[in-house]
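Okay, structure first, notes after.
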Amino acid sequence: MWINSTSARSMWIEALTLQLGYNATLVAIGAALLGIAAGATGTFLFLRKRALVSDAISHATLPGVGIAFLIMASLGGDGRHLAGLLLGAAVSSALGVAFMLWLTRRTRLYEDAAIGAVLSVFFGFGVVLLTVIQTVSIGRPAGLSDFLLGMTAGMLYRDAVLIATAGLLAIAAVWALRRPMTLVAFDSGFASASGIRVRYVDLAITGLVLAVTIIGLKIVGLILIVALLIIPPVAARFWSDRVDHVLLISSAIGGAAGYLGAALSAVAPALPTGPIIVLVAFALFVISLLFSPVRGVFSVWLRHRRQQRRIHLRQGLLAIAQDVPIYEHFTIALLLRAGFVRGDGVPTEEGRRQADQACRDEDRWAVARRMHAHESVVSRFDGLRPLESLLTVDEIAEIDRQLTERTECKEVAS
Amino acid sequence: MLGLPFFKGVRAETLPSDLGDHPLVVRGLTVSYGEKPVVFSLDMTVQDGSMTAIIGPNGAGKSTLLKAVLGIVPRLSGVVAVYGRSLQASRRRVAYVPQRASVDWDFPTRVLDVVLMGLARDLGLLRPVRDRHRQRALDCLDRVGMRDFADRQIGQLSGGQQQRVFLARALAQDADLYLLDEPFAGVDAATERAIIRVLKGLNADGRTVVAVHHDLSTVGDYFDHVLMINVRRVAEGPVATAFTEANLQTTYGGRLETGHVDQLNVGKIHVD
């Protein structure tokens, strides 16, 4: 399959630009739309803190697939008509969700326990059904178990159109409902008090997840669709602190995962599409987790390190100004490197100057803290930023007027 | 029209006609989680233009009372009338400030967006957020002294600032009746002053304020009416007459030390 690197690369490019044949193109477009729909829908599931609901929804589809097959086969049909199988999946999944909601509302069971109950019972029943179907060989059951992990090889044009249409509808619905869904996810009590039907909005979220799960059965399969619903929003959360942006980024990550995964598996047909899509999504998650400049692990660590250095330096300068000993080697090393102290620990001219400046800034902050007008600035106080960088010249002058002759900062030492 | 199923309608339930048109009238309200009633057959009448404190010990059903009035938790029995009509019909005249701890402050949203949530019904599903909406939200932030924080992520706020943002969101609702659940819980002194200034301003403007309150020592300074409950109603009326040592003892039972009551100067507090 990988003949040499040149042809592999050209195949890769062909796959990405949709030149790898009819089926591969269908699958890539379908998978991309599915990914966008899953990323968008999953965002609100994640923000509502009900991610596990998708697990119950997806596992509850299996018995429906079996029953729909039996009905269609007994009516003399093919038994593998995709729309029919998906309809069966939707019905049994909806039953599973209804059962789960009933359990949480009418009994004192917590949602996670209800999810576990529904998930295992429905999935177990589905596996039994499929096994029976295969044993007694009614109709032509080959391919039914593909719904577990997805199978794109034999995707038909009408299958792709079905998936794409439903995906677009789901995306449009999420967009239209994003406001009530955001409000309910953030503060359901306030949402209810301001006249939003929280139950309907929750039902809409659940219904959209169900829809995405159903259309994802063919491509990703019921076991892995959960990953496509949850990984994109979790990854997107690392990039932004705003719901609208998280929604867009999550959709983009889902879409990219679907598209790249489908293209990858077109280049290497031996690899199953669904799991590849999920692995690509996971790779995007890892990149977000590590490298996002907003909440990524590295940038948080870097910010922490930088802040630690600045704090040590500031404390060192204040110690110089107050003429008290410095105990920490790290602080001394930083002062030394900045040229504020000499090797023997005696402050340099520049060090003295900087120390006085730090001291004056400290005093100004103390005054600013007492002045109510500067509350928003003071709340940003990190003990490091020079006040000049946050206030106007006039405001600084006003603060300086309130500074007493004997500055408080230096008083500490005496 | 599109948003209809997601917004509660104004279909009025039929109410007894003799409830008057007080901002809030509650008759025989019972709420129960499981077997035990949290609020039992409670009557309450909020006077127009009053500042009413709801006080009572932990677990007395203060928050639940507010939630049941607002339809957030279902009521087992009872009638609630807001300005003489059903809650659905009067919903636009009511603003609500939930407990600060009831939400996840790491939610990806900014201060201004939280205040804009107060305009949820005006904005509906698809109407774009326009400058006048933003301006209104900024004005509300200004009134609680938080205008400069509009672009902050809510997770960066202190507890007192969070509380003020919640108050600003309720101001954006521009209501006649304000229901607040423990607005002074766990906030700094500056915030407490800012909040009471805003509430007194609303009150001077003719609005009615009802707040679940836990600090007995400030009841007389902040409020003119008081409702004392412990699952059942113990007392209701002007602070000067209802906020008495006897009523406090009944409400709090053994949980209130006698010395504590003395410190409160109950009944002697001058209400301005």
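The chains referred to below are lettered A, B, ... by the order of the sequence lines, with proteins before strands, and numbering in each begins at 1. A quick note: this is a predicted structure, and the numbers were derived from the prediction, not measured.
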Closest approach of [X] to [Y] (non-hydrogen atoms, all atoms of both residues):
| X | Y | result |
| --- | --- | --- |
| B:Q173 | A:S194 | NE2-CB, 3.7 Å |
| A:G189 | B:I72 | O-CD1, 3.2 Å |
| A:S240 | B:P108 | O-CB, 4.4 Å |
| B:G71 | A:S192 | O-OG, 3.7 Å |
| A:F190 | B:G118 | CZ-CA, 4.1 Å |

Query raised in the report: After noting the C-alpha distance and the side-chain angles of B:R121 and A:I196, does the key distance pass the side chain to side chain contact (heavy atoms under 4.5 Å, CB included) rule?
Result: CA-CA 8 Å; B:R121 277 202 79 108; A:I196 287 173; 6.0 Å; no
Ranked by heavy-atom pairs below 4.5 Å to chain A, first place among B:A175, B:A95, B:G124, B:A170 goes to B:G124
Most heavy-atom pairs under 4.5 Å with chain A, out of B:V97, B:V114, B:V103, belong to B:V103
Note to self: Is it true that, when you exclude A:R50 itself, more than 12 heavy atoms of the residues, nucleotides or ligands shown sit nearer than 6.0 Å to its CZ?
What the structure shows: yes
Around atom CZ of A:R303, are there more than 12 heavy atoms from other residues, nucleotides or ligands closer than 6.0 Å? yes
In the structure I gave you, are the side-chain heavy atoms of A:D187 and B:F166 within less than 4.5 Å of one another anywhere?
yes
| Is the shortest heavy-atom distance from the side chain of A:L177 to the side chain of B:L125 under 4.5 Å? | yes
Applying a strict 4.5 Å limit to non-hydrogen atoms, the region of B:D113 in contact with chain A is side chain
Okay, B:I154 and chain A: the region with an atom under 4.5 Å from a heavy atom over there is side chain
Quiz prompt | Mutual orientation of the aromatic rings belonging to A:F186 and B:F107 [parallel < 30°, tilted 30-60°, perpendicular > 60°] | solution = tilted
Between the OG1 atom in B:T109 and the CG atom in A:D244, the distance rounded to the nearest 0.5 Å is 8.5 Å
dist B:L116:CG -> A:L183:CG (nearest 0.5 Å) comes out at 11.0 Å
| said: Looking at A:R295 and B:D106, is any side-chain nitrogen of the basic one under 4.0 Å from a carboxylate oxygen of the acidic one? | reply: yes
Taking B:R91 for the side chain and A:A193 for the main chain, is one N or O donor matched with an acceptor at less than 3.5 Å?
-> yes
Check for a donor-acceptor pair, side chain of A:R179 on one end and backbone N or O of B:M117 on the other, with a separation under 3.5 Å. no
Interface check, chain B: of A:R178, A:H245, A:R199, A:K49, most non-hydrogen pairs under 4.5 Å belong to A:K49
Residue from A:A204, A:P180, A:A185 scoring the most non-hydrogen pairs under 4.5 Å with chain B is A:A185
So for [X], is it side chain, backbone, both, or neither that comes closer than 4.5 Å to the heavy atoms of chain B?
| X | result |
| --- | --- |
| A:V243 | both |
| A:A191 | neither |
| A:T182 | both |
| A:R108 | neither |

